Colleague: 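Before I ask anything, here is the structure I am working with.
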Amino acid sequence: KRTDRNKKIIGNKGELLVYNYLCREMGKENVFPRSEAFVEMEIIKPGLAVSGDYDISYRDDTGREYFVEVKVSDGSTFYISPGELDFAKANEDKYKLFVVYDINSPNPKFFEMPMYFWKDERFCKKEIIERIEFSFELKDK
């Protein structure tokens, strides 16, 4: 549980970093936090998180809406769920993925992945099948 909590804290820091960047670039009135992380950070009220498919949305100066997913990385790898990738593909012309790394340094870094990153040969995709684990206790009789 401690590892999961630490991952959540790191993920929240990454989402906040990108949120603040987008607010500076697009104007806070055009940026909409959507994930539960923003409820935990008290940026939006409970019940207002609306998406499991992306973390933030924003409108550009033409009014076009974009969906933003934020991933925290070790600097060479990030993980995306099959559902998140399906959402990206279904919204490919308005989907943005930001990768944050060096999150615990004094100056965390991030970059925006190219649109259609899943089609880009510069990126190696490796599908990992998750295992299902059962635990049990043997009781002496």
Side-chain angles (χ1 to χ4, degrees), residues 1-140:
K1 286 187 174 185
R2 174 179 251 169
T3 301
D4 289 343
R5 184 68 191 143
N6 287 341
K7 285 181 183 179
K8 184 69 177 155
I9 290 168
I10 288 169
N12 290 1
K13 287 169 82 174
E15 288 183 35
L16 184 60
L17 179 74
V18 173
Y19 171 75
N20 287 333
Y21 165 76
L22 290 171
C23 286
R24 285 191 307 274
E25 294 296 308
M26 301 295 161
K28 189 173 183 176
E29 68 280 1
N30 296 312
V31 181
F32 311 99
R34 302 290 190 193
S35 76
E36 286 293 329
F38 294 103
V39 173
E40 288 182 25
M41 293 183 281
E42 299 180 348
I43 293 173
I44 60 175
K45 294 180 181 172
L48 294 180
V50 295
S51 176
D53 297 318
Y54 58 95
D55 300 317
I56 304 164
S57 67
Y58 73 89
R59 283 195 209 101
D60 67 11
D61 55 0
T62 68
R64 184 175 182 173
E65 185 175 28
Y66 290 89
F67 306 111
V68 176
E69 179 63 27
V70 179
K71 295 296 178 185
V72 176
S73 169
D74 61 5
S76 65
T77 304
F78 68 87
Y79 298 94
I80 188 167
S81 74
E84 290 168 335
L85 186 56
D86 288 344
F87 183 83
K89 291 176 179 178
N91 296 278
E92 63 183 19
D93 291 332
K94 50 188 179 173
Y95 184 87
K96 308 269 186 164
L97 188 132
F98 284 80
V99 177
V100 179
Y101 60 102
D102 289 343
I103 190 70
N104 288 321
S105 74
N107 296 307
K109 299 167 188 67
F110 66 92
F111 62 93
E112 184 179 338
M113 290 287 285
M115 302 244 340
Y116 321 109
F117 63 89
W118 56 90
K119 298 177 185 178
D120 194 321
E121 292 180 7
R122 293 176 295 168
F123 305 104
C124 177
K125 178 177 90 171
K126 181 167 99 176
E127 294 189 34
I128 301 169
I129 306 299
E130 292 295 322
R131 69 176 188 244
I132 299 171
E133 182 177 298
F134 292 86
S135 59
F136 59 92
E137 288 184 34
L138 294 175
K139 295 184 181 189
D140 294 334

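Being a predicted model, the structure only gives us computed values, none of them experimental.
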Colleague: Restricting to ring-ring contact (aromatic ring centres under 6.0 Å, His included), what partner residues turn up for Y21, sequence neighbours left out?
Modeller: F110
Colleague: Return the CD1 to CD1 distance between I103 and I9, rounded to the nearest 0.5 Å.
Modeller: 12.0 Å
Colleague: Heavy-atom distance under 4.5 Å between the side chains of L85 and W118, does that happen here?
Modeller: yes
Colleague: How long is the span from the OH atom in Y116 to the CG atom in D93, to the nearest 0.5 Å?
Modeller: 3.5 Å
Colleague: With sequence neighbours left out, what residues match K13 under salt bridge (Lys or Arg N to Asp or Glu O under 4.0 Å)?
Modeller: none
Colleague: Could I get the full list of salt bridge (Lys or Arg N to Asp or Glu O under 4.0 Å) partners for K125, not counting sequence neighbours?
Modeller: E127
Colleague: Looking at K94, is its backbone amide N or carbonyl O close enough to the side chain of N91 to form a donor-acceptor pair, meaning the two atoms are under 3.5 Å apart?
Modeller: no
Colleague: Can you name the residues that form a side chain to side chain donor-acceptor pair (under 3.5 Å) with R24, not counting sequence neighbours?
Modeller: none
Colleague: Using atom types as modelled, flag every donor-acceptor pair under 3.5 Å from a side chain in residues 39-47 to any protein atom, sequence neighbours excluded.
Modeller:
from	atom 1	to	atom 2	distance (Å)
E40	OE1	R5	NH1	3.4
E40	OE1	N12	ND2	3.1

Colleague: Got a sec: does the NZ of K7 have more than 12 other heavy atoms crowding it under 6.0 Å?
Modeller: no
Colleague: Over all heavy atoms of both residues, which pair between G14 and V72 is shortest? Give the atoms and the distance, please.
Modeller: CA-CG2, 4.0 Å
Colleague: Report yes if the side chains of I56 and R34 come closer than 4.5 Å at any heavy-atom pair, otherwise no.
Modeller: no
Colleague: Enumerate the ring pair (Phe, Tyr, Trp, His ring centres under 6.0 Å) contacts for residues 30-50, please, sequence neighbours excluded, ordered by first and then second residue.
Modeller: Y19-F38
Colleague: The criterion is ring-ring contact (aromatic ring centres under 6.0 Å, His included); which residues satisfy it with Y58, sequence neighbours excluded?
Modeller: Y66
Colleague: Return the set of residues passing side-chain contact (heavy atoms from CB on, under 4.5 Å) with D120 (not counting sequence neighbours), or none when no residue passes.
Modeller: P114, R122, F123
Colleague: Quick one, D53 with D86, criterion side-chain contact (heavy atoms from CB on, under 4.5 Å). Give me CA distance, side-chain angles, the key distance, then yes/no.
Modeller: CA-CA 9 Å; D53 297 318; D86 288 344; over 6 Å; no
Colleague: Which is it for D55 and V18 under the side-chain contact (heavy atoms from CB on, under 4.5 Å) test, yes or no, and what are the steps along the way?
Modeller: CA-CA 10 Å; D55 300 317; V18 173; over 6 Å; no
Colleague: Could you tell me if the side chain of K96 sits less than 4.5 Å from the side chain of M113, heavy atoms only?
Modeller: no
Colleague: Once rounded to the nearest 0.5 Å, what's the spacing between atom CD of E65 and atom CG of D60?
Modeller: 10.5 Å
Colleague: Hey, what do you get for CD1 (I10) to CG (N104), rounding to the nearest 0.5 Å?
Modeller: 5.0 Å
Colleague: Identify, with sequence neighbours excluded, every residue that meets ring-ring contact (aromatic ring centres under 6.0 Å, His included) alongside F78.
Modeller: none
Colleague: State, with a plain yes or no, whether a side-chain heavy atom of T77 is found less than 4.5 Å away from one of Y101.
Modeller: no
Colleague: Could you tell me which residues satisfy side chain to side chain donor-acceptor pair (under 3.5 Å) with S105, sequence neighbours excluded, listed by chain and number?
Modeller: none
Colleague: Who passes salt bridge (Lys or Arg N to Asp or Glu O under 4.0 Å) against K109, sequence neighbours left out?
Modeller: D102
Colleague: Who passes salt bridge (Lys or Arg N to Asp or Glu O under 4.0 Å) against E25, sequence neighbours left out?
Modeller: none
Colleague: Please examine the side chains of F111 and V99, heavy atoms only from C-beta on, and report whether any two atoms are closer than 4.5 Å.
Modeller: yes
Colleague: For the residue pair F117 and Y95, categorise the inter-ring angle as parallel (less than 30°), tilted (30 to 60°) or perpendicular (more than 60°).
Modeller: tilted
Colleague: Measuring only between side-chain heavy atoms, which start at C-beta, is E92 closer than 4.5 Å to K119?
Modeller: yes
